[in-house]
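Note that the coordinates shown come from a computational prediction; the quantities given were computed from them, not determined experimentally. Chain naming here is simple, since letters A, B, ... match the order of the sequence lines and numbering starts at 1 in each.
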There are 2 protein chains.
Amino acid sequence: MKSSDSQRATRPARAVTITEVATQAGVSTASVSRVLAGSRFVGSRMRERVLATVAKLDYHPNRLARDLRVGLRKVIGVIIPDLQNPFFPEVVHGVEAALYTAGYTLVLGHSGGLAERERTHLAVLRGEGVAGLILIPDSEREASYETLHSWDIPVVAVDRTPSGLEVDLVTSSNRVGAREATSHLLAHGYKTIALINGQKGVSVAQERLAGYQEALHAARVPLQEAFVIHSDFRQEGGRMAMCRLLDLPRPPRAAVVANNLMALGALQAIHERGLRIPDEVAIVGFDDMPWATSLRPPLTAVAQPAEEIGRTAAQLLLERLRSPGRLPRRVVLPTRLIIRASCGAHAPTGVEPVVVSAARKHGQTNKSVNSEYPAFKPPVPAGPGL
Amino acid sequence: MKSSDSQRATRPARAVTITEVATQAGVSTASVSRVLAGSRFVGSRMRERVLATVAKLDYHPNRLARDLRVGLRKVIGVIIPDLQNPFFPEVVHGVEAALYTAGYTLVLGHSGGLAERERTHLAVLRGEGVAGLILIPDSEREASYETLHSWDIPVVAVDRTPSGLEVDLVTSSNRVGAREATSHLLAHGYKTIALINGQKGVSVAQERLAGYQEALHAARVPLQEAFVIHSDFRQEGGRMAMCRLLDLPRPPRAAVVANNLMALGALQAIHERGLRIPDEVAIVGFDDMPWATSLRPPLTAVAQPAEEIGRTAAQLLLERLRSPGRLPRRVVLPTRLIIRASCGAHAPTGVEPVVVSAARKHGQTNKSVNSEYPAFKPPVPAGPGL
DNA sequence: ATGAAAGCGCTAACAA
DNA sequence: TTGTTAGCGCTTTCAT
């Protein structure tokens with residue numbers, strides 16, 4: 001429209017500025033600014049004139065200029081490690097929802113688990129002057145966030161604990177979740193239960209391992225080293241891990257798999273060998289994903305409130321923006337064991353899964369609610385593993 | 001560090017500015033700017049001094065100020081309709097990859113299929129002065145992008161055609177994909193094939209319908225109205241659609257399902273009725289998702305190169321940024337029919353799927369490569385539908 | 001090779 | 001109630 005269509009410039013056509021509006025309306029830029037800011041100190045005639053001109057010229061205020069002047073940006077940076085793992089987009093979804101409501105804009109950085117990319121994004125976000133940062137730390141090395149120290153903006157970490165960083169943190173009750181998953185299998189008579197876990201260094205993995213150990217310990221079942229495999233949170237990793245388990249002279253009769261992609265891989269491995277679930281191998285996964293119900297048998301899983309995690313993280317950030325000074329908080333959102341059929345339990349109703357337990361918010365551990373379990377008859381598995 | 005830790009301000013601590021660096025180094029701001037810009041006209045002593053001071057002060061240039069001054073922003077806006085559907089995050093992943101390489105930053109907006117949200121994001125992005133826009137149009141009403149007309153920046157649409165908008169477009173060969181899926185089923189002897197599709201108004205849905213029709217027509221199989229269901233691209237929609245089909249007096253023996261979430265829903269419905277796949281109902285889905293191989297039977301699907309779609313979109317945008325003026329292009333990326341077992345075909349090797357055909361880039365239609373098919377014996381389904 | 005100074009578009013004192 | 005003006009942090013002529 002306003003650009004020379006004949007001889008297109010490389011730069012985008014300069015946009016309408018507040019000055020042009022002011023001139024056209026025959027008022028000062030200050031007045032235009034005031035009208036647009038909704039100041040109470042403007043005459044109604046003035047307001048009309050300005051608004052009309054704004055509409056006529058299709059004026060859009062330049063946020064850059066505004067933010068530069070005011071020294072405040074309503075922009076939040078989000079760094080996530082993996083767009084392939086559906087868990088993270090859901091978290092982002094939650095973040096987005098909260099930010100949108102609060103009028104904040106979201107700048108997304110994808111680290112792909114690469115420390116360097118993460119650093120680059122951090123630098124860019126800093127240059128952009130984002131008001132706050134939601135960080136889902138890279139899975140590899142979770143240290144080296146010294147950069148953040150010299151950078152005085154609120155940060156909230158999600159899902160994984162960045163070492164050496166005192167910030168708000170939102171996670172789900174990984175330990176409890178893993179414990180419940182394991183206990184559930186134990187309650188059904190499984191005695192040889194493997195854990196396919198993520199990288200050793202990652203905090204989620206550590207927590208899930210801890211939960212697994214707790215459950216075994218509580219049931220006085222000795223931990224077998226060979227049954228704990230540290231993989232990489234990805235599908236192929238899960239497949240290989242399960243292969244290794246099945247290659248054991250005395251393979252486990254059940255497995256807890258510590259994330260959704262690895263669970264998929266584990267299932268693959270089991271199918272490839274023609275083994276039946278849960279009769280020959282029982283499975284409890286992590287993350288309740290849309291496909292869980294479409295699998296045969298449907299997948300029992302420890303559900304994490306991904307979206308709520310994101311929303312909570314955003315809210316924490318927004319709060320801290322209002323009142324810095326607060327001490328760092330950690331919010332632990334409850335996981336839920338959703339019992340379907342892959343674990344060898346028969347869900348009472350054909351369709352609806354059984355939901356078991358929940359940790360409570362704000363760092364509390366959840367009490368186990370084993371009493372809520374329907375009294376399943378253990379499958380009494382007979383096979384190599386027993 | 002530099003903020004008063006005792007009496008935290010609401011605003012973030014003012015960052016180090018170029019002026020401070022200049023003063024500290026005893027040079028002019030212009031020099032600092034030049035050094036940082038990598039100008040050749042700077043003495044080596046100067047450079048050293050500046051660089052040292054920059055490091056000492058931990059100076060990070062303010063991109064806002066820079067961009068305001070220069071009138072150019074290396075920021076691209078991306079608007080996507082649905083973060084729950086794993087297809088879109090993968091597209092974003094591709095976009096991100098390309099943008100990162102080119103040094104661009106990504107601002108993400110989530111419309112959730114809501115026109116108003118989309119408008120809001122558009123306005124914000126405009127205010128942010130993004131250099132370009134990648135738009136995956138809202139599924140509901142794809143019109144009303146008049147806003148974009150008055151806004152003179154390059155836009156590339158992805159996946160769906162925004163009506164009334166002359167912009168670059170990246171899609172996959174939806175028509176061909178749907179045709180191949182349908183033809184494949186026909187080739188295996190299925191004569192009653194349903195299509196579970198997305199909303200009528202959406203361009204992808206239209207294209208997939210067209211492909212479905214083409215295949216039927218080519219095989220001289222009459223189209224049955226009742227077999228074409230327009231759902232909503234979501235899981236529950238797919239489930240209900242499949243339920244409706246199975247409730248038909250003469251239900252179809254096979255179905256093409258036009259996206260991944262709906263396919264999951266359809267499977268659910270089939271399982272709920274205790275029907276066997278593919279013996280009683282054969283299924284070909286859209287989108288080759290990680291879980292396809294973990295389903296039993298593994299899901300035959302029309303794969304879309306989601307990530308490549310995103311990467312291509314970003315590249316198109318970047319190109320146009322360099323040379324506006326160009327005429328709008330549309331790039332059609334090839335789909336691939338990945339044959340597994342849910343369609344009633346037996347993949348030759350136990351594990352590796354058969355990949356059939358591909359449309360070629362840049363708008364060409366792909367030639368069907370039926371010759372590549374191993375000679376499957378049609379399952380000769382005997383049931384109500386035949 | 002380096003510095004002085006103008007100005008990007010906007011808001012917020014301060015005046016009037 | 002409205003206008004004038006300084007200046008946010010940066011780059012970029014234009015001098016020197």
Side-chain angles (χ1 to χ4, degrees), chain A residues 9 11-51 53-54 57-75 124 126-131, chain B residues 2 9 11-51 53-54 57-75 126-131:
Chain A
R11 299 245 200 123
R14 219 187 43 39
V16 180
T17 73
I18 200 174
T19 320
E20 300 176 48
V21 176
T23 321
Q24 274 275 332
V27 301
S28 75
T29 59
S31 294
V32 178
S33 178
R34 275 192 282 257
V35 168
L36 264 30
S39 163
R40 294 187 296 100
F41 308 104
V42 277
S44 47
R45 300 190 37 149
M46 169 96 256
R47 173 173 286 106
E48 266 181 51
R49 287 175 60 90
V50 169
L51 257 22
T53 321
V54 162
L57 263 38
D58 190 28
Y59 167 67
H60 289 251
N62 182 331
R63 263 193 23 161
L64 254 65
R66 199 205 94 95
D67 292 356
L68 177 61
R69 171 65 232 244
V70 178
L72 266 182
R73 288 218 80 193
K74 293 195 98 178
V75 176
V124 169
R126 191 163 183 168
E128 280 289 330
V130 298
Chain B
K2 44 198 57 60
R11 300 245 198 121
R14 219 185 43 35
V16 180
T17 73
I18 200 173
T19 319
E20 299 176 47
V21 176
T23 321
Q24 274 275 330
V27 300
S28 75
T29 59
S31 295
V32 178
S33 178
R34 276 193 280 260
V35 168
L36 263 29
S39 163
R40 294 187 297 99
F41 308 104
V42 277
S44 48
R45 301 191 35 150
M46 166 100 259
R47 173 172 287 108
E48 267 180 49
R49 288 174 60 90
V50 169
L51 257 22
T53 320
V54 163
L57 262 37
D58 190 29
Y59 167 65
H60 289 252
N62 182 331
R63 272 209 352 177
L64 254 64
R66 200 205 93 94
D67 292 356
L68 177 61
R69 173 62 234 245
V70 179
L72 266 181
R73 287 219 81 191
K74 293 196 98 180
V75 176
R126 191 164 185 168
E128 279 289 330
V130 297

Problem set entry | Separation of atom CG in B:Asp67 from atom C1' in C:dG7, rounded to whole Å | 16 Å
Seminar exercise, completed: On a heavy-atom basis, the closest approach of B:Thr29 and B:Ala22 is N-CB, 3.6 Å
Seminar exercise, completed: Separation of C:dG9 atom C1' from B:Arg63 atom CZ, nearest Å, is 18 Å
Seminar exercise, completed: B:Leu68 meets the side-chain contact (heavy atoms from CB on, under 4.5 Å) criterion, sequence neighbours left out, with A:Asn62, A:Ala65, A:Leu68
Problem set entry | Check: B:Gln24 and B:Val21 side chains under 4.5 Å, non-hydrogen atoms | no
For this session: Nearest whole angstrom, please: distance from the P of C:dG9 to the CG of A:Leu57.
Result: 14 Å
Exercise. Once you round to the nearest 0.5 Å, how far does CZ of B:Arg63 lie from CG of A:Leu64?
Worked result: 9.5 Å
Please tabulate, one pair per line, each protein N/O and nucleotide N/O from nucleotides 7-9 of chain D that are separated by under 3.5 Å, including the distance.
residue, atom, partner, partner atom, Å
D:dG7, N2, A:Arg69, NH1, 3.2
D:dC8, O2, A:Arg69, N, 3.3
D:dG9, N2, B:Ala65, O, 3.2

Exercise. Roughly how far apart are B:Met46 CE and B:Arg49 CZ, rounded to 0.5 Å?
Worked result: 6.5 Å
Exercise. With the threshold set at 4.0 Å, does a side-chain nitrogen-carboxylate oxygen contact exist between A:Glu128 and B:Lys74?
Worked result: no
Please write out the pairs of protein N or O atoms and N or O atoms of nucleotides 1-4 of chain D separated by less than 3.5 Å, giving the distance to one decimal.
residue, atom, partner, partner atom, Å
D:dT2, OP2, A:Gly43, N, 2.5
D:dG3, OP2, A:Ser28, N, 3.2
D:dG3, OP2, A:Ser28, OG, 3.3
D:dG3, OP2, A:Ser31, OG, 2.6
D:dG3, N7, A:Arg34, NH2, 2.7
D:dG3, O6, A:Arg34, NH1, 3.2

Seminar exercise, completed: Rounded to the nearest 0.5 angstrom, the OH-CG distance for A:Tyr59 and A:Leu51 is 12.5 Å
Seminar exercise, completed: Taking every heavy atom of B:Ile18 against every heavy atom of B:Ser33, the minimum-distance pair comes out as CD1-N, 3.8 Å
